[in-house]
Amino acid sequence: MNYLDKLNPSQREAAMHLNGPLLIFAGAGSGKTRVLTYRVARLIEQGVDPYHIIAITFTNKAAKEMRERISNITPLGEQVWVSTFHAACTRILRREIDSGFSIYDTSDTLRLLKECIKEKNLSDTHYPPRHVAQIISAQKNELITPGEYERLVAGSFREGNVAEIYALYQKRLRESNALDFDDIIFRTVELLSHNEEIRLKYQNRFRYVLVDEYQDTNHAQYELVRLLSGYAQNLCVVGDDDQSIYGWRGADIANILRFEKDYPGAKVVKLEQNYRSSKVILDAANAVISLNEERADKLLWTENERGTPIRLYTARDERDEGYFVTQMIAKGVANGARFGDFAVLYRTNSQSRAVEDQLVTSGIPYRIFSGVRFYEHMEVKDILAYLKAINNPADEIAHLRIINVPRRGIGLASLDKIKFFAAESGLTFSQAISRAAEIDGLGKKSASVVQFAAYLDECAEFAAENSVSELMQKILNDTDYMLTIKDGTPEGEEREANIKELLAKATAFENESEDTSLAKFLEDVALVADIDNYNEDADAAALMTLHSAKGLEFDTVFLVGFEEYLFPTSRAIDSGNHKDMEEERRLCYVGFTRAKKILYLTHSIIRRRFDHIARNKTSRFLDDVPEDCIASVNMYGNERTTRPFPRNAGLEVGEGISGAGLPPALAALAKPSEKPPIINATAPPMGFSQLKQLASGQKIARTPAPRPVPTKASPPDYSVGDKVRDPKYGVGEVIDISPAGADYEVTIQFPAAGRKKFMAGWAKLSSMEAQSKRKTEESEE
DNA sequence: GAATAAATTGTTTTT
DNA sequence: CAATTTATTC
């Protein structure tokens with residue numbers, strides 16, 4: 001194969017390397033993927049069985065791209081195992097330990113953690129679940145077990161409690177036969193380091209290990225790589241310390257910087273020629289990144305032309321900022337560009353809204369890769385929870401999620417009783433609900449609980465004989481789920497569309513995947529990110545976070561919100577930790593180097609933040625861009641000649657918006673942006689008939705639990721003027737008693753708590769006057 | 001007791 | 001300003 005002349009000398013040097021450790025420093029746009037794929041092709045050409053090669057990436061998207069490119073060069077490439085860290089580990093764990101475990105995502109994790117904190121009788125204000133989750137995650141990334149953590153923090157009361165929560169959390173995960181994202185790596189490392197037989201098996205299998213984005217590995221992943229490649233030492237890692245942007249997730253830049261120490265005799269190749277960006281863009285990016293201290297010495301250069309100076313636009317507000325973006329895209333497209341040539345990048349997902357609104361009104365096609373991710377939609381999680389509960393009966397979080405979806409009249413109080421029963425009898429949650437009849441105080445409710453348990457059993461049997469999509473369809477039919485999410489609002493329509501999309505995904509999975517089991521489907525679903533669906537062929541502008549944009553390139557990039565407290569974030573500014581700021585700086589470097597031809601930086605004079613209006617200075621990174629690389633532009637994108645671009649003082653406000661001076665086609669687009677569309681609160685009940693139609697054709701298998709009928713309460717045994725006791729508020733005086741439906745509403749004046757209203761049938765009020773007469777309290781229930 | 005309406009609170013980035 | 005916790009209503 002004559003591919004070597006497609007590589008420059010450094011690239012060739014890396015691609016030709018066969019055995020022993022290899023470190024490739026690959027700057028942005030330096031042809032990293034090309035080198036990796038050619039190297040794999042060459043390994044195969046030199047007689048290495050593709051069966052012995054594994055390539056590990058961070059995202060499915062990167063894995064997919066590499067798989068395709070390898071297969072394009074050599075047909076044998078299809079046999080190479082190309083996978084993400086998490087998918088590879090999941091595969092190993094399923095094969096070696098257990099095939100049925102659940103994978104808990106962030107929200108599952110949080111829910112379980114809340115349970116644990118509650119069970120420990122700790123307050124979640126003093127131990128905020130998010131914060132505790134982060135601490136636990138950090139420990140797992142460092143391969144620190146609960147026991148080790150406990151010893152580490154010995155003597156500290158607070159952290160001691162966190163250690164106990166960590167231990168309980170792990171116990172509960174085990175009982176639920178579930179792993180969180182961090183466990184997937186941790187458990188694989190444990191498996192490989194403790195079990196020599198299995199370790200040798202995989203070391204023998206993976207004689208050639210390639211790792212992409214090595215600068216983003218955390219300690220657990222570092223250990224994993226070390227274990228996998230430990231025998232043959234044919235480890236090739238590719239990375240760029242300047243693009244390490246996942247420090248908050250435990251990524252340790254030191255891993256790549258100390259590679260030569262870890263793997264003595266390692267060959268080091270630096271790819272410093274950039275094929276992507278213009279000189280101007282690269283100069284700016286270099287200027288910004290050079291101010292970081294913790295980095296390997298290198299300098300990216302290019303033979304590309306100098307190009308158009310970076311455009312800086314000062315917007316009035318975020319709407320003007322979004323409007324400017326749409327104008328520039330429209331102008332570009334009018335001059336022959338494709339919508340897909342443009343990307344809008346931002347620091348936080350919340351910034352997407354303003355841009356999105358303007359794109360919608362101007363009719364520019366766009367795709368957004370952020371915000372609520374598909375699998376995090378409530379309705380999608382509900383259906384997936386059914387699948388998870390069926391796939392893994394021990395999965396408590398999945399059961400908790402759906403036990404009252406659709407409404408079965410099982411609320412918090414009933415759940416507490418079930419949990420108490422389970423804990424007392426040493427049963428798992430799913431075992432407990434099958435025996436709900438034995439639970440004290442559940443009363444009539446036990447019937448619907450038992451019915452729910454039986455329904456899941458029925459589904460499990462069904463699942464054994466039928467496909468995932470058929471199972472999903474069955475659940476949707478039986479539970480009337482579509483009817484529960486339709487509420488006549490546009491949101492309801494969206495939920496319905498999401499469910500249909502989920503069904504479509506299941507069908508696609510059955511057609512495409514080799515292993516079509518329910519477990520595999522759930523695994524695929526748990527390990528995908530929105531960005532994985534990025535499709536270069538779609539001709540639409542792309543909106544995404546800077547983080548998501550890593551690895552991508554676009555002709556024109558808009559980096560919006562280039563302001564202090566947004567980018568860099570207030571957190572990085574306030575923390576005062578220079579490491580945080582260095583990571584922001586790397587993120588800026590990543591953002592700049594996504595652009596091939598034109599880079600726009602925009603900032604806004606005023607910006608609505610949560611509940612107030614902020615006036616942010618321009619980003620400090622703007623000060624690091626050389627003057628001759630950048631030009632301030634007006635709302636038409638034309639360079640201002642009279643004044644320098646705004647620095648942190650003397651900001652200029654965009655001169656407002658009009659269509660004057662634009663070609664007719666664009667002038668139409670350039671109408672002053674209207675006020676944000678007003679959402680009609682009394683929207684017609686869209687899709688209702690459609691849904692009814694859908695539901696009517698399908699047999700409903702189970703009858704929904706009967707809606708609890710309010711029982712007629714007997715009049716309270718106290719009257720106006722009496723003193724009564726409430727368990728929460730203490731003693732108070734009865735002000736008023738009036739009939740309300742089947743019950744009576746009583747108003748009580750408490751000395752401390754003030755005036756409160758109760759429903760007599762439910763309130764636990766006891767009369768002080770009629771203590772002795774009180775005897776008919778449990779007449780019902 | 002569960003469903004719903006009101007109030008509050010807290011916001012980076014993601015496998 | 002949205003999603004979650006707390007108060008109110010049935």
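Atom set for the values below is all heavy atoms of this structure, side chains included, hydrogens, waters and symmetry mates excluded. Being a predicted model, the structure only gives us computed values, none of them experimental.
When distances are taken from the side chain of A/Asn404 to each of B/dG1, B/dA3, B/dT12, the shortest belongs to B/dA3. Closest to the side chain of A/Thr348, out of B/dA2, B/dT14, B/dT12, is B/dT12. The nucleotide whose nearest atom lies closest to any side-chain atom of A/Arg130 is, among C/dA2, B/dA2, B/dT11, B/dT11. The side chain of A/Thr59 sits closest to B/dT15 out of B/dT4, B/dT15, B/dG1. Of the candidate nucleotides B/dT14, B/dA2, B/dA3, B/dA2 has the atom lying nearest to any side-chain atom of A/Lys445.
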Shorter than 3.5 Å, N or O on both sides, protein versus nucleotides 6-9 of chain B: list them out with atom names.
none

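Shown here are the side-chain hydrogen bond (donor to acceptor under 3.5 Å, both in side chains) partners of A/Ser176, two or more places apart in sequence or in another chain: there are none. Judged as a salt bridge (charged side-chain N to carboxylate O under 4.0 Å, His left out), and not counting sequence neighbours, the contacts of A/Arg347 are A/Glu584. A/Asp252 pairs by the salt bridge (charged side-chain N to carboxylate O under 4.0 Å, His left out) definition with nothing, not counting sequence neighbours.
Taking atom CZ on A/Arg594 and atom P on B/dT13, their separation rounds to 19 Å, with Å as the unit. The distance from atom CD of A/Glu584 to atom C1' of B/dT13 is 9 Å, rounded to the nearest whole Å. In this structure, A/Leu224 places its CG atom 14 Å from C1' of B/dT15, rounding to the nearest Å. Per the geometry, CG belonging to A/Leu566 stands 11 Å off P belonging to B/dT13, to the nearest Å. Atom CG of A/Asp105 and atom C1' of B/dT15 are 11 Å apart (whole Å). Rounded to an integer number of Å, the gap from A/Ile185 CD1 to B/dT14 P is 18 Å. The nearest whole Å value for the distance from the CE atom in A/Met544 to the P atom in B/dT12 is 21 Å. Per the geometry, CD belonging to A/Glu376 stands 10 Å off P belonging to B/dT14, to the nearest Å.
The phosphate of B/dA3 has OP1 or OP2 within less than 4.0 Å of a side-chain N or O from A/Arg407. For B/dT13, one of the phosphate oxygens OP1 or OP2 lies less than 4.0 angstrom from a side-chain nitrogen or oxygen of A/Asn349. The shortest distance between the side-chain N/O atoms of A/Ser350 and the OP1/OP2 oxygens of C/dC1 is not below 4.0 Å. A sub-4.0 Å separation between OP1 or OP2 of B/dT15 and a side-chain N or O of A/Thr106 is absent. Residue A/Lys114 has a polar side-chain atom (N or O) positioned under 4.0 Å from OP1 or OP2 of C/dT5. At the phosphate of B/dT12, neither OP1 nor OP2 sits under 4.0 Å from any side-chain N or O atom of A/Arg347.
For the pair A/Lys505 and A/Tyr375, the minimum side-chain heavy-atom distance is below 4.5 Å.
In this pair, A/Trp248 lays its aromatic ring flat on the base of B/dT13, centres within 5.5 Å and planes under 30 degrees apart.
Residue pairs meeting the salt bridge (Lys or Arg N to Asp or Glu O under 4.0 Å) criterion with at least one member in residues 104-117 of chain A, sequence neighbours excluded: A/Asp105-A/Lys381, A/Asp108-A/Lys381, A/Asp108-A/Lys388, A/Glu115-A/Arg172, A/Glu115-A/Lys419.
Spacing between C/dT5 and B/dT12 at atom C1', rounded to whole Å, works out to 23 Å.
Using cut-offs of 30° and 60° for the angle between ring planes, the A/Phe562 and A/Phe592 rings count as tilted.
Counting any heavy atom pair closer than 4.0 Å across all strands shown, A/Phe58 reaches sugar-phosphate atoms only and no base atom. The residue A/Leu412 sits close only to the backbone: its heavy atoms come under 4.0 Å of sugar-phosphate atoms, none of a base.
Residues A/Ser414 and A/Thr569 each lie close to DNA chain B; by heavy-atom proximity, the contact nearer the 5' end of the strand is made by A/Ser414. Nearest-nucleotide positions on DNA chain B for A/Leu415 and A/Ala526 put A/Leu415 closer to the 5' end.
Atom CZ of A/Phe509 is surrounded by more than 12 heavy atoms from other residues, nucleotides or ligands within 6.0 Å.
There is a side-chain donor-acceptor pair under 3.5 Å between A/Asp395 and A/Tyr104.
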Give every donor-acceptor pair under 3.5 Å between a side-chain atom in residues 127-141 of chain A and any protein atom, sequence neighbours left out.
{"residue": "A/Tyr127", "atom": "OH", "partner": "A/Asn161", "partner atom": "ND2", "Å": "2.8"}
{"residue": "A/Ser137", "atom": "OG", "partner": "A/Asp182", "partner atom": "OD2", "Å": "2.8"}
{"residue": "A/Gln139", "atom": "NE2", "partner": "A/Ile135", "partner atom": "O", "Å": "3.3"}
{"residue": "A/Lys140", "atom": "NZ", "partner": "A/Gln170", "partner atom": "OE1", "Å": "2.7"}
{"residue": "A/Lys140", "atom": "NZ", "partner": "A/Asp180", "partner atom": "OD1", "Å": "3.4"}
{"residue": "A/Lys140", "atom": "NZ", "partner": "A/Asp180", "partner atom": "OD2", "Å": "2.6"}
{"residue": "A/Lys140", "atom": "NZ", "partner": "A/Asp183", "partner atom": "OD1", "Å": "3.0"}
{"residue": "A/Lys140", "atom": "NZ", "partner": "A/Asp183", "partner atom": "OD2", "Å": "3.2"}
{"residue": "A/Asn141", "atom": "OD1", "partner": "A/Asn218", "partner atom": "ND2", "Å": "3.2"}
{"residue": "A/Asn141", "atom": "ND2", "partner": "A/Ser137", "partner atom": "O", "Å": "3.4"}
{"residue": "A/Asn141", "atom": "ND2", "partner": "A/Arg249", "partner atom": "O", "Å": "3.1"}

